[in-house]
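In what follows, chains are A, B, ... by sequence order, proteins preceding strands, each numbered from 1.
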Amino acid sequence: MEMDKLVSLCKRRGFLFQSSEIYGGLNGFWDYGPLGVELKRNVKEAWWRDMVSGHDDLGVPAGAPEAYEMVGLDCSIIMHPQVWKCSGHYDLFHDFMVDCRESKKRYRHDQVKGRWVSHDGKRLFVATAVEDEQQRSDVQQRALKYFNLRGKDAGDLTWETDLVSLITVTDLAQVLGPDAKQLGTLTPPREFNLMFKTIVGALGGEDDAAFLRPETAQGIFVNFKNVLDSTRVRIPFGIAQTGKSFRNEITPRNFTFRSREFEQMEIEFFCHPDSSFQWYQYWRDRRLKWYVDLGLAGDRLRLREHSADELSHYSCGTSDIEYAFPFLNSGEYGELEGVAHRADFDLRSHMEGKLDPSTRPLKLETGPDGKPRWRGSGKDLSYRDELTNARFIPHVIEPSAGADRATLAFLCEAYTEDQAPDENGVMQTRIVMKLHPRIAPIKAAVFPLVKKDGMPEVAQRIYRDLKRNFNVFYDEKGAIGRRYRRQDEAGTPYCITVDSQTLQDQTVTIRDRDTLRQWRVNLHDCVAELRQRLSP
RNA sequence: GCGGGUGUAGCUCAAUGGUAGAGCGACAGCCUUCCAAGCUGUACACGAGGGUUCGAUUCCCUUCACCCGCUCCA
């Protein structure tokens, strides 16, 4: 499937529009149209129902170590700035970058290392961005090459310093960039604010800076104690939240896949450290199955377990649920959801202060003065087992899904072109969105076969009956075939048609979107018929 | 952020330094007894800003957006 066909259909039928389109659009922002908003709401509602409100707190789900509870939360988008300092986002999202005008490459300012060297009265800083062990040899080779010397002449070079960070260099004109052949090709370091900054208070200045959340998860961690104190939940349990998050992506791309404003569906699942790996496996498999059950079956969906060197030091497992989006190259997958074992990193960070994720066991990150880089809340976020009186900091499993990415994947998977006969029996190309009935924006359309003989009146009564239960659509205009095809493009799974036989025996036809099969049911049974077919 | 490409009606596309045309779609009406192209009619567009010019949708510059590649991000 070519992506532009789907993009065109989304625009044409009102699934997705570019944000602020009449003003030329805004990079990285998208709007959901009348069909799109129904689809995305259905995706979020299916997630909430399947994970939270419909969860059976008493039973042990297949694959789970034991029964568990689920509760929800909806926290503010703007939180105390200290939240992001302790979570690590503040440091991580404020990188300084330098670009190379010659090689067109971009580097993190603090990660570029190099040495001052001089030869024949010329002095320069040879920079490198290769891995630690190879930095010295890379610097030497490139210095020799620059001065047009052979390897055996390495002794002619005068090294003024050992490897130092590019941060220490003020005059970029004397720098040989990591992939450059000429001097002075690096731009001055520029700050990348990956968190959206805003001001709290009408008279606020820089001291009142706050951030739009880059993830919903931190709101759950900072409310962990509130939930414990107000709900009687006991470990193991999960807190779920859906909501908007914001990241100032450098390169928004690929339709809605990488947006600057996006919606997440996240669970933080709190459990005992001893059973955390079993819970990680449960959530990984459970979340994959959710996508399969809603229609993402097949090769385009996969679970990818992160390799050991990809994992954070504190994590003993992370998996991505990925989908082979049509805009990616063959063999490439895009992340729909990450299921991460986060151990006690987050709760401890909000207690003690920002932890250094590269330490094991985790230690507080300290500044140049030896004091904590960012102070935590100082509140006790440990958990006391009321049966054993044991006190511990829970470990966390985090299934973090993108609502817009899931919605986009469902759209991509649903887009189908097949052949269907026209009124003369000639096969015509048909565009049909084969969305799972649970997430389809319109559940059924009701038509009178023709606009006369009392058929519209009967069809309207059926429409009103159904409308109390489902989002259904009534249409009496034009040829019946055209009305069917319109609903195919909207992804409506069923069409109910009143014909002349209805007037005799009170039955109507129901047409299946995917098979084009039709069968008759009594018009009073339409609600029951649909309910049975739309239930999870 | 860099390089390349693209921007004309809701969608897909055309033409032109002298005031834009088609197909599909939409709407109104007619006709239609089950899978889009039967008839009549209607509405709707040169992404934005500036420049050159008597005159710019067309040429130039800037900008915005989208696509491809790199980079980046996770």
Side-chain angles (χ1 to χ4, degrees), chain A residues 2-5 7-14 17-30 33 89 92-93 95 97-108 129 179 185 187 190 192 194 214-215 247-255 257-258 260 262 306 310 312 318 320 322 327-329 334-338 340 400 402 405 418-432 447-453 455 476-489 495-503 508-513 515-518 520:
Chain A
E2 301 99 73
M3 198 61 197
D4 51 352
K5 287 189 175 176
V7 173
S8 164
L9 180 138
C10 284
K11 170 88 191 289
R12 182 156 40 91
R13 297 311 307 262
F17 306 126
Q18 211 177 348
S19 167
S20 319
E21 194 190 275
I22 62 168
Y23 287 106
L26 189 61
N27 194 351
F29 298 90
W30 298 90
H89 289 87
L92 192 70
F93 279 23
D95 296 336
M97 313 288 289
V98 294
D99 290 307
C100 178
R101 298 188 190 92
E102 181 189 320
S103 67
K104 308 298 181 197
K105 288 185 185 291
R106 171 176 292 163
Y107 315 94
R108 260 181 64 177
D179 297 281
T185 59
T187 62
R190 284 177 289 195
F192 280 70
L194 264 38
E215 63 173 34
R247 292 184 194 175
N248 226 338
E249 298 287 354
I250 297 170
T251 315
R253 263 306 153 83
N254 294 330
F255 207 20
F257 182 78
R258 180 165 295 160
R260 287 178 164 145
F262 58 101
H306 284 211
E310 268 183 287
S312 317
T318 296
D320 286 345
E322 300 180 324
F327 47 75
L328 298 173
N329 294 323
E335 182 179 338
L336 290 179
E337 171 161 354
S400 170
R405 288 184 176 187
D418 64 12
Q419 299 288 311
D422 67 10
E423 59 183 349
N424 302 317
V426 180
M427 296 308 270
Q428 302 285 348
T429 298
R430 177 179 79 130
I431 295 175
V432 50
F447 307 140
L449 184 59
V450 288
K451 201 167 60 175
K452 60 182 184 187
D453 300 344
M455 291 182 201
E476 60 181 24
K477 300 187 192 99
I480 188 74
R482 179 189 300 267
R483 284 179 268 160
Y484 284 143
R485 296 298 170 85
R486 266 199 285 252
Q487 293 306 315
D488 290 339
E489 279 197 350
C495 291
I496 295 168
T497 303
V498 171
D499 58 16
S500 53
Q501 190 180 332
T502 310
L503 309 175
V508 293
T509 64
I510 300 186
R511 173 233 194 214
D512 181 275
R513 175 195 67 198
T515 63
L516 304 181
R517 195 172 71 83
Q518 283 184 302
R520 299 197 78 92

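Of the candidates B:U33, B:A65, B:A28, the closest approach to any side-chain atom of A:Q18 belongs to B:A65. Listed nucleotides: B:C34, B:U32, B:C66. Nearest to the side chain of A:T509: B:C34.
In this structure, the CZ atom of A:R482 is 13 Å from the C1' atom of B:C31, given to the nearest Å. Between A:N254 atom CG and B:C70 atom P the separation is 12 Å, expressed in whole Å. Rounded to whole angstrom, the span from the CZ atom of A:R253 across to the C1' atom of B:G5 amounts to 12 Å. Atom CD in A:E21 sits roughly 17 Å away from atom P in B:G7 (whole-Å rounding). One interatomic measurement links the two molecules: CG of A:D512 to P of B:C35, which rounds to 16 Å at whole-angstrom precision. The distance between atom NZ of A:K451 and atom C1' of B:U33, rounded to the nearest whole Å, is 15 Å. As a whole-Å value, the separation of A:E489 CD from B:C11 P is 13 Å. For the pair A:R513 CZ and B:C34 C1', the interatomic distance rounds to 19 Å; values are reported in whole Å.
By the 4.5 Å heavy-atom criterion applied to side chains, A:Q518 and A:D512 are not counted as neighbours.
Checked by distance alone, A:S8 brings no side-chain donor or acceptor within 3.5 Å of a matching partner on the base of B:C11. Within 3.5 Å, no donor on the side chain of A:R247 pairs with an acceptor on the base of B:C73, nor the reverse. You'll find a donor-acceptor pair under 3.5 Å spanning the side chain of A:R258 and the base of B:C73, going by distance alone. The base of B:C72 lies outside donor-acceptor range of the side chain of A:E249, with no N or O pair under 3.5 Å. Judged by distance alone with a 3.5 Å cut-off, no donor-acceptor contact links the side chain of A:R485 to the base of B:G25.
Contact annotation: A:N27 side-chain N/O to B:C64 OP1/OP2 distance is not under 4.0 Å. Taking only side-chain nitrogens and oxygens, A:R486 never comes nearer than 4.0 Å to OP1 or OP2 of B:G25. Contact between the side-chain N/O atoms of A:N329 and the OP1/OP2 oxygens of B:G69 is found at a separation under 4.0 Å.
Looking at heavy-atom distances under 4.0 Å, A:Q518 makes contact with a base. A:R430 comes within contact range of no nucleotide atom at all, as no heavy-atom separation falls under 4.0 Å. Among the atoms of the strands shown, none is found under 4.0 Å from any heavy atom of A:Y23. As judged by a 4.0 angstrom heavy-atom cut-off over every strand, A:D453 is placed among the base-contacting residues.
On the P atoms, B:C2 is 34 Å away from B:G55, given to the nearest whole Å. Remark: the separation of the C1' atoms in B:C44 and B:G50 is 28 Å, to the nearest Å. Distance noted for atom C1' between B:U8 and B:G47: 10 Å (whole Å). Going from the C1' atom of B:A28 to that of B:G5 covers 42 Å, rounded to whole Å. The separation of B:G4 from B:G17, taken at their P atoms, amounts to 26 Å, rounded to a whole angstrom. Annotation: B:U57 and B:A20 have their C1' atoms spaced 8 Å apart (nearest Å). Comparing the P positions of B:U58 and B:C46 gives a spacing of 12 Å, expressed to the nearest Å. Comparing the P positions of B:C27 and B:G21 gives an interatomic distance of 25 Å, to the nearest angstrom.
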### Query
Would A:R511 and A:L516 satisfy side-chain contact (heavy atoms from CB on, under 4.5 Å), going step by step from the backbone distance to the final call?
CA-CA 6 Å; A:R511 173 233 194 214; A:L516 304 181; 3.2 Å; yes

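A:R260 places a side-chain N or O within 3.5 Å of a backbone atom of A:E249 that can act as its donor or acceptor partner. The backbone N or O of A:F255 lies less than 3.5 Å from a partner atom in the side chain of A:W30, making a donor-acceptor pair.
Every residue meeting the side chain to side chain contact (heavy atoms under 4.5 Å, CB included) condition with A:E335, not counting sequence neighbours, appears here in chain and number order: A:D320, A:R405.
The heavy-atom pair separating A:G33 from A:F17 by the smallest distance is CA-CE1, 3.5 Å. The minimum heavy-atom distance between A:A420 and A:R485, with the atom names listed, is CB-NH2, 3.3 Å.
Classification of A:E476 and A:R483 as a salt-bridged pair fails, no side-chain N sitting under 4.0 Å from a carboxylate O.
A side-chain donor from one of A:Q419 and A:T429 sits under 3.5 Å from a side-chain acceptor of the other.
Each of A:D4, A:N254, A:V7 was checked for a side chain to side chain contact (heavy atoms under 4.5 Å, CB included) with A:F327, and the lone residue meeting it is A:N254.
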### Query
Which dot-bracket string describes RNA chain B (Watson-Crick N1-N3 plus N6-O4 or O6-N4, or G-U N1-O2 and O6-N3, all under 3.5 Å; [ ] crossing; | other strand)?
(((((((..((((....[..)))).(((((.......)))))....(((((..]....))))))))))))....

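When each of A:I431 and A:F327 is assigned the nucleotide of RNA chain B with its nearest heavy atom, A:I431 is the one assigned upstream, toward the 5' end. Of the two residues contacting RNA chain B, namely A:R260 and A:K11, the nearest-nucleotide position lying further toward the 5' end is that of A:K11.
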